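All remarks here apply to the structure that follows.
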Amino acid sequence: MNKKMKRSLATLVLSAVLLSAASLPAWAADGQNLGALAAASKNASYTLSNKIEVEIKSMLNEHESDSTRLGTVIRIRNTSDKITRVPDFELRVLMADGIEYTLQPSAKNAKSIQPKSQLELSYLSIVERSDDVDLTSLNFIDVDMEVYPKEETTLLTIPVDAGIVWYGSDSTIMNSSAILKWGEAFTLPSLRSTLEFVPVDIHKEITAKGVSTVVQIGVVNPTKERQTVPNFGIDGKSESKIYSGSRAEAAVTLDPGEKKYIHIVIPTDLDTKFTSLNVVTPESFAVSLAEGKFLEDTYRVGRLNILLPSGAVTQGVIPAPEYTLGTPVRLDSTNKFVPSNVDLSLVELHVTSNEDDGFNTAVAKFKLTNNSDRPIPIPAIQTELVSVDGYAYGGRRQESTALSVVPNASYVVSYSYALPASETGEGLKMNLYSQQSNGELAYKSLLASAKVPVQENDLRGKTLNVYPYEITIKDWSISAIYQASMMYDYKLKLDLSIKPDKNVTVDKFNSKLSFELFDNVGNPVGKTVEALSGEGRLYNGTNTINLNARSNQLDFPIQVKVFEMFTNEYGESVKRLLTSFKQ
């Protein structure tokens, strides 16, 4: 058995693994699969006395340099209808080399057990041996100290299956029934839980506090009773290191039939790539100190291993559905971030090159439609584009928006993405997240994911699509007017037809048009920015635009480039080339 994995620094990069909220798998996997997993995980019960039954919940055999921690947690059940004292016994483990060790009971172990109920007892000892030796059995020994020499009677011997022994965080789970593929549902029968779980999303987050990987787990209550999610965690495994995660939601309760998500935040290195995840449960052992105080020794025991298949971090393990621009996005059904009476749709997605800066820019516009009869706050949705080779590019929201969407109307919010010059936009996926926090833990929760089409940039057409406006250029001309100051003043005259989407509310935060003048060698010599809404906006008919460029010589040919422009939350001016005029 491979008990240990060699530790070293990880050197691979973690990209996003996505699952479409619009195509989530059934919350419960095939009933036979879940049943087989539960049956394989169900611990055998043994009779200790005519009133007491026991079973092994967990076994620990953790080797650390020159010592080994040996421990177990057992469940003890009172089958009678009266309160019963926990029997006096010594608990010993027998090793494969024939050596037996006595385990010490936790200071918090109960002394009695209520009728028809069960409780857990914890035992732990540290022995000085530097080699790896397997456990073979767990022995319950009655020791009679009233006679000399003392008499020992074996009350019960439980053979220890190597598959249930945990060798520490570096353990490799070998039991095939405890190894799952990403997206497979699972249960935790070792925790006496009937809840069903399924991994939904794993992604990396980089914040001011460092780098972390967030694992999103869906949970459903299939019973007719209220259930609480048991205490479990997830560790990330790379080729050479183990990273322990913390639950963002400490206490989660589900009503019958209810679905929720829990999130595990795993601090990692920037270049960490996970190969699998371990589902772990905590165990504890207490040593009594003076004045009723206790010293707690805690450890985590692996229950399941979730594989991340080869290519999962680049291609995603469950394909996202195709999306049609302008249609409502199917958000996850448990989502409470975007109200149910609000439709969210992606109405524009363009990729444009920035030749001077050496990178491409993607611009996405989302329309929020309020179908209710009252104003609804605009949610600050987080977005992310993922390329076909797995690179994720975070979206930067426009700098400011209105506070709310008015009833029976829509509002548009723009996002920008910095992409490498090699990114064509082919096969992009869009992830939508809600930003969550719990104390010091901040994380994103997946709302939806889909393959999104990139629109073609027609730079020669007469119609400019700057949603929510459709702008038709009927005629244009560039003039150079000679001034008394012996300077030429350049102006652009446009005959426009502007058709807004009347169902969309516009304000000063909408995109504007930037008109930029370039001389005959391509140098910028002047520009002006014009609004499409509010005071001083462009209007139907003839518009004369002062390009704020003056020259003492008539410089032809000259070119005017027209850009859509907005400012994102980082204060960056984002531009998308719409068309150009050359004269």
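Residue numbers start at 1 and run along the sequence shown. Source: prediction; values computed, not measured.
Side chains of Leu344 and Leu432 form a contact here, defined as non-hydrogen atoms less than 4.5 Å apart. Here the side chains of Glu152 and Arg92 are in contact, with some heavy-atom distance below 4.5 Å. Between Leu270 and Ile206 there is a side-chain heavy-atom pair separated by less than 4.5 Å. A heavy-atom distance below 4.5 Å is not found between the side chains of Val329 and Met430. The shortest side-chain heavy-atom distance between His203 and Tyr433 falls under the 4.5 Å cut-off. Between Leu70 and Val127 there is a side-chain heavy-atom pair separated by less than 4.5 Å. Phe337 is not listed as a side-chain neighbour of Gln382, based on a closest heavy-atom distance of 4.5 Å or more. Within the 4.5 Å cutoff, the side chain of Lys444 has no heavy atoms near those of the Val214 side chain.
Side-chain contact, Ser130 with Asp66: no donor N or O sits under 3.5 Å from an acceptor N or O. In this structure, a donor-acceptor pair under 3.5 Å is present between the side chains of Thr157 and Asn139. No side-chain donor-acceptor contact under 3.5 Å links Ser212 and Tyr443. At a cut-off of 3.5 Å, with distance as the only test, no side-chain donor of Thr153 or Glu151 sits close to an acceptor on the other residue. Checking Thr68 against Arg129 by side-chain atom types alone, no donor-acceptor pair falls below 3.5 Å. For the 3.5 Å distance criterion, the side chains of Tyr261 and Asp201 fail to qualify, holding no donor opposite an acceptor. Side chains of Glu283 and Ser58: a donor on one and an acceptor on the other come within 3.5 Å.
A donor-acceptor pair under 3.5 Å is formed between the side chain of Ser106 and the backbone N or O of Ala286. Ser125 places a side-chain N or O within 3.5 Å of a backbone atom of Thr102 that can act as its donor or acceptor partner. The backbone N or O of Leu94 sits less than 3.5 Å from a side-chain atom of Thr136, completing a donor-acceptor pair. Counting only distance, with no hydrogens or angles, the side chain of Asp235 and the backbone of Asn278 share no donor-acceptor pair below 3.5 Å. A distance-only check finds a donor-acceptor pair linking the side chain of Thr84 to the backbone of Lys82 [under 3.5 Å]. Between the side chain of Ser284 and the main chain of Asp297, no donor-acceptor pair closer than 3.5 Å is present. Judged by distance alone, with hydrogens and angles left aside, the side-chain atoms of Asn109 form a donor-acceptor pair with the main-chain N or O of Ser122 at under 3.5 Å. The closest donor-acceptor contact from the side chain of Asn305 to the backbone of Val279 lies at 3.5 Å or more, if one exists at all. A donor-acceptor pair under 3.5 Å is formed between the side chain of Tyr323 and the backbone N or O of Leu346.
Closest approach of Ile173 and Ala178 over heavy atoms only: CG2-CB, 3.9 Å. For Leu195 against Thr228, the heavy-atom pair with the smallest separation is CD1-O, 3.7 Å. The heavy-atom pair separating Met95 from Val133 by the smallest distance is CE-O, 3.5 Å. A pairwise comparison of heavy atoms in Gln118 and Ile113 identifies CA-CD1, 3.6 Å as the closest pair. Nearest heavy-atom pair across Arg330 and Ala448 is O-CB, 3.8 Å. Ser169 approaches Glu62 most closely through the heavy-atom pair N-OE2, 4.5 Å.
Residues meeting the side chain to side chain contact (heavy atoms under 4.5 Å, CB included) test with Thr223, sequence neighbours left out: Thr194, Asn221, Glu225, Gln227. Contacts of Lys108 classified as side-chain hydrogen bond (donor to acceptor under 3.5 Å, both in side chains), with partners at least two apart in sequence or in another chain: Glu296.
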Worked verdict on Phe285 versus Tyr299 for ring-ring contact (aromatic ring centres under 6.0 Å, His included): CA-CA 9 Å; Phe285 178 85; Tyr299 56 95; 8.7 Å; no
Candidate pair Thr187 and Ser193, rule side chain to side chain contact (heavy atoms under 4.5 Å, CB included), full reasoning: CA-CA 7 Å; Thr187 59; Ser193 174; over 6 Å; no
Verdict with reasoning, Glu249 to His263, per side chain to side chain contact (heavy atoms under 4.5 Å, CB included): CA-CA 7 Å; Glu249 301 90 351; His263 302 79; 2.7 Å; yes
Candidate pair Ser45 and Arg77, rule side chain to side chain contact (heavy atoms under 4.5 Å, CB included), full reasoning: CA-CA 9 Å; Ser45 181; Arg77 178 176 175 80; over 6 Å; no
Working for side chain to side chain contact (heavy atoms under 4.5 Å, CB included), residues Lys57 and Leu191: CA-CA 8 Å; Lys57 180 191 175 189; Leu191 300 185; 3.9 Å; yes
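Of the inter-residue distances, the one linking Lys204 atom NZ with Phe274 atom CZ reads 10.5 Å to the nearest 0.5 angstrom. The CD1 atom of Ile158 sits 4.5 Å away from atom CD1 of Ile56, with the distance rounded to the nearest 0.5 Å. Between the OH atom in Tyr417 and the CG atom in Leu385 there is a gap of 5.0 Å [rounded to 0.5 Å]. Rounding to the nearest 0.5 Å gives a distance of 9.0 Å between CD1 of Ile164 and CG of Leu135. Taking OH of Tyr101 as the start and CG of Asn61 as the end, the distance is 10.0 Å to the nearest 0.5 Å. Here OG of Ser112 is found 8.0 Å from CG of Leu119. Values are rounded to the nearest 0.5 Å.
A salt bridge is absent between Glu120 and Arg192: the closest approach of a Lys/Arg side-chain nitrogen to an acidic carboxylate oxygen does not fall below 4.0 angstrom.
Aromatic ring centres of Tyr46 and Phe140: separated by at least 6.0 Å.
Ring planes of Phe232 and Phe197: perpendicular class, angle over 60° (limits at 30 and 60°).
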